[in-house]
Amino acid sequence: MLLRMSSLFLRTLREDPADAEVPSHKLLVRGGYVRRVAPGIYSWLPLGKIVLENVARVVREEMNRAGGQEVLFPALLPREHYEVTGRWTEYGDTLFRLKDRKGGDYLLGPTHEEMFTLMVKGEYSSYKDYPVILYQIQTKYRDEARPRAGILRGREFVMKDSYSFDLDDEGLKRSYELHREAYIKIFDRLGLDYKMVFATSGAMGGSASEEFLAPTPTGEDTFVQCAGCDYAANTEAVVLAAPEAAAGEAPPAEVLDTPDTPTIETLVELLRSRGMDIDASGTLKNVVLKTRRPGEDWELLVVGVPGDREVDLDRLAGQFEPVEVAQAEPEDLARQPALVKGYIGPQILAGLGVRYLVDPLVRPGSAWVTGANEQDRHAANVVRGRDFEPDGEIGAVEVRSGDRCARCGSELTIARGIEIGHIFQLGRKYADAFGLDALGPDGRPVRITMGSYGVGVSRAVAAVIEQSHDDKGLIWPREIAPADVHVIGTGKDNQIEVALEIAGELEAAGLRVLVDDRAGVSPGVKFTDAELLGIPTALVIGRGLAQGVLELRDRATGAREEIPHAEAVARVLAAVRS
RNA sequence: CGGGGCGUGGCGCAGCUUGGUAGCGCGCUUGCUUUGGGUGCAAGAAGUCGUGGGUUCAAAUCCCGCCGCCCCGACCA
């Protein structure tokens, strides 16, 4: 490949576009890689298109190596299949919907579980056919409430999604592992710094799930990582070390008169004034929420957390998906008069038929001061497992920097990252919806179990830039750079001819070459553009040419070295292949 | 959807307070100049001032409505 800048469809900008905020957006636009067409919708110019294809190529190679087979579904899909799984309605406003001339409903695919499931159902029917992994690299659409950050979060984006189909859980696990390994290779090759974080798709779903996050301050996902081991988790899925179990058996629960103590703060203050050794972390706060399945009524839910903690509604929402969670309103509480605001305790919840979940920090056997379900009264020594039994545990507390890792006990820190990949064991949700079975060896149908795996291809381009740029411009990792080497001819003699000559030799040697052969453009402009464009290696044919000297530059390190003209091709090859 | 900001040549902006018919930088065209860090000089091309209405002799500028865009939040398989 040989690109000549004298004819390349490229215009670089000296100023940041007014609508860009994050580095990847600014630099992609300034470097002439992309142009905005509408909010969250971008065109890719020649250099950008090359980079995008490079990322897709890496993804494709690794998916094929993992045994995946590439297919391609339409982006434009009929409503009916998404009706079967309920997603036509469940997906809400984020789904791009449209009508054809006959008034038929269509959508622009946000993800293609339905289509893959149907395709497999249509072709395969025997257990001998399985397992199988299919994938596509396709443009996806989501009508985001607020697209932002340029390429990072658009309404149209390129994504690789793959799906595994297995006969049993063991097979699913293997397919999941294959993807995990493939993703590691992909993101390594893309030159990304990334973390694999646990991202359980919820206490409700419960299947294994991990996200690949590229840590950067501009990321939208919050995760925790451990200072002491390699544990990392999405804040939705984080597991915190539970506190030490109290020694010995707690005395029987007792009810205390605690007038005017509707908040944890006032309660602790009162008890301390009576000489009790207690702080907020020894109290059990019970927060009333409500949940709603799609199309059903709200139900009350009480969540118990240590009194010094806040409930993280976002974290809960992620785990309840697609069930909605919200703070209960006074009128919701009114339906359960036994719940006395400010004095709610878990002791009576089971009797009321109100669902009660606790954060794992509320350990089995732990003793608490909590509400007595009477105005102005609290109860002490209320023990989980003795005086109340929750319906389950759910990570509910707002995670704090300094919380302890459940695995090694070290401190956790909170960081931000861009989600570039996600693998998870879907299970039989879609197979059930469409009745995807294989006929087993015993002549009976076996329900197929699926995995779902995504890589944000266009997003990865932006993520790479977020992690790899400086104040001068882009710094591409070799594997996805638009070219291997940028040959720059400066000067008024025969530098440009020599540049073209060397560029031709480099191309013949198998390199992808960008050559700056623009006449009448000053050296400063060429250097500045080269730094903006970010090709990893540059070869300058300039004033030293008469003495047989060229200059080899490394974009990432800024290193420059004078090399003999005669060795140029060999030296560039060595640099590119290092 | 709530809060904030902004719509003026291709891009980035000034002009609006105090109405008089549009300007700067970048880019683009032509000529000369310069050639290792965004050369210099000169001459040019290019704008329904988001949109509709109103006030006025006169509106980019004042008034009202609408539309759009950006940022923060809500939202985000």
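Each chain gets a letter, A, B and so on, in the order its sequence line appears, and its residues count up from 1. All of these numbers come straight from a predicted model, not from anything done at the bench.
- Using modelled atom types, no side-chain atom of A/Arg416 and backbone atom of A/Pro215 make a donor-acceptor pair closer than 3.5 Å.
- Whole-Å rounding puts the A/Asn494 CG to B/U35 C1' distance at 14 Å.
- No option in A/Asp19, A/Leu152, A/Ile151 other than A/Asp19 meets the side-chain contact (heavy atoms from CB on, under 4.5 Å) test with A/His25.
- Per the geometry, CZ belonging to A/Arg518 stands 11 Å off C1' belonging to B/G38, to the nearest Å.
- If you take atom P in B/C72 and the same atom in B/A59, they sit 39 Å apart, rounded to whole Å.
- Closest contact between the side chain of A/Arg14 and the listed nucleotides B/G27, B/A77, B/C76 involves B/G27.
- In this entry the distance linking CZ of A/Arg148 with C1' of B/A74 reads 10 Å, nearest Å.
- A/Thr85 OG1 to A/Lys429 NZ: the interatomic distance, rounded to the nearest 0.5 Å, is 7.0 Å.
- Summarising the base pairing, B/A22 is matched to no nucleotide, lacking a Watson-Crick or G-U wobble pair whose two defining distances lie under 3.5 Å.
- B/U61 sits 10 Å from B/U17 when the P atoms are compared, rounded to a whole Å.
- Between the side chain of A/Arg87 and the base of B/A77 there is no donor-acceptor pair of N/O atoms closer than 3.5 Å.
- A/Phe527 carries A/Arg553 over the face of its six-membered ring, with the cationic atom under 6.0 Å from the centre and within 45° of the normal.
- Among the nucleotides B/C70, B/G38, B/G73, the one closest to any side-chain atom of A/Pro39 is B/C70.
- For the pair A/Asp529 and A/Ala149, nearest-nucleotide mapping onto RNA chain B gives the more 5' position to A/Asp529.
- At whole-Å resolution of the value, CD in A/Glu21 and C1' in B/C71 are 6 Å apart.
- Base-pair partner of B/A45: not found among the strands shown (Watson-Crick or G-U wobble, both distances under 3.5 Å).
- Within the structure, every side-chain polar atom (N or O) of A/Thr94 is placed at least 4.0 Å from both OP1 and OP2 of B/C76.
- Between A/Ala66 and A/Ile133, the shortest heavy-atom distance links the atoms O-CD1, 4.1 Å.
- Comparing the P positions of B/C62 and B/A14 gives a spacing of 15 Å, expressed to the nearest Å.
- Between B/A58 and B/G54, the distance separating the two P atoms is 12 Å to the nearest Å.
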Per-nt protein contacts along nucleotides 5-16 of chain B (heavy atom under 4.0 Å; B base, S backbone sugar-phosphate only, - none) come out as -------SS---
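- Across all strands shown, A/Arg155 has no heavy atoms under 4.0 Å from either base or sugar-phosphate atoms.
- For the pair A/Leu10 CG and B/C28 P, the computed distance is 12 Å after rounding to whole Å.
- Remark: the backbone N or O of A/Arg153 is not paired with any side-chain donor or acceptor of A/Arg459 at under 3.5 angstrom.
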Sequence neighbours left out, cut at 3.5 Å: what donor-acceptor pairs do the side chains of residues 532-550 of chain A make with other protein atoms?
unit_1   : atom_1 : unit_2   : atom_2 : d
A/Thr537 : OG1    : A/Arg478 : NH2    : 2.2

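- Among the heavy atoms of the strands, none lies under 4.0 Å from A/Gln495.
- With P as the reference atom, B/G73 and B/G37 are 44 Å apart, rounded to whole Å.
- The side chain of A/Thr111 sits closest to B/A77 out of B/A77, B/G37, B/C76.
- Distance noted for atom C1' between B/G2 and B/U48: 34 Å (whole Å).
- Here CD of A/Glu62 is found 12.0 Å from NE2 of A/His179. Values are rounded to the nearest 0.5 Å.
- Checking B/C1 for Watson-Crick or G-U wobble geometry (two distances, each under 3.5 Å) identifies B/G73 as its partner.
- Taking atom P on both B/U51 and B/G9, the two are 10 Å apart, rounded to the nearest angstrom.
- With a 3.5 Å ceiling on both atom-pair distances, B/U39 lacks any Watson-Crick or G-U wobble partner.
- When the P atom is used for both B/A42 and B/G15, the distance is 26 Å, rounded to whole Å.
- For A/Glu551, counting side-chain heavy atoms from C-beta on, the closest listed nucleotide (B/G36, B/G37, B/U39) is B/G36.
- In the interface, the side chain of A/Arg560 is paired with the base of B/G37 through a donor and an acceptor atom under 3.5 Å apart.
- Nucleotide B/C76 holds its C1' atom 11 Å from the CZ atom of A/Arg146, rounded to whole Å.
- Straight-line distance from the CZ atom of A/Phe527 to the P atom of B/G36: 8 Å, rounded to whole Å.
- For A/Arg36, the side-chain atoms get nearest to B/C69 when compared with the rest of B/A77, B/C69, B/G37.
- Pair assignment for B/G7: B/C67, on the basis of Watson-Crick or G-U wobble contacts that are both within less than 3.5 Å.
- With values rounded to the nearest 0.5 angstrom, A/Ser162 atom OG is found 4.5 Å from A/Tyr183 atom OH.
- Between A/Arg459 atom CZ and B/C76 atom P the separation is 15 Å, expressed in whole Å.
- Taking a pair to require two hydrogen-bonding distances under 3.5 Å in either a Watson-Crick or a G-U wobble arrangement, B/A14 remains unpaired.
- Residue contacts for A/Glu531: at a heavy-atom cut-off of 4.0 Å it reaches a base atom on one of the strands shown.
- The two atoms that bring A/Glu113 and A/Thr111 nearest to each other are OE1-OG1, 2.8 Å, heavy atoms only.
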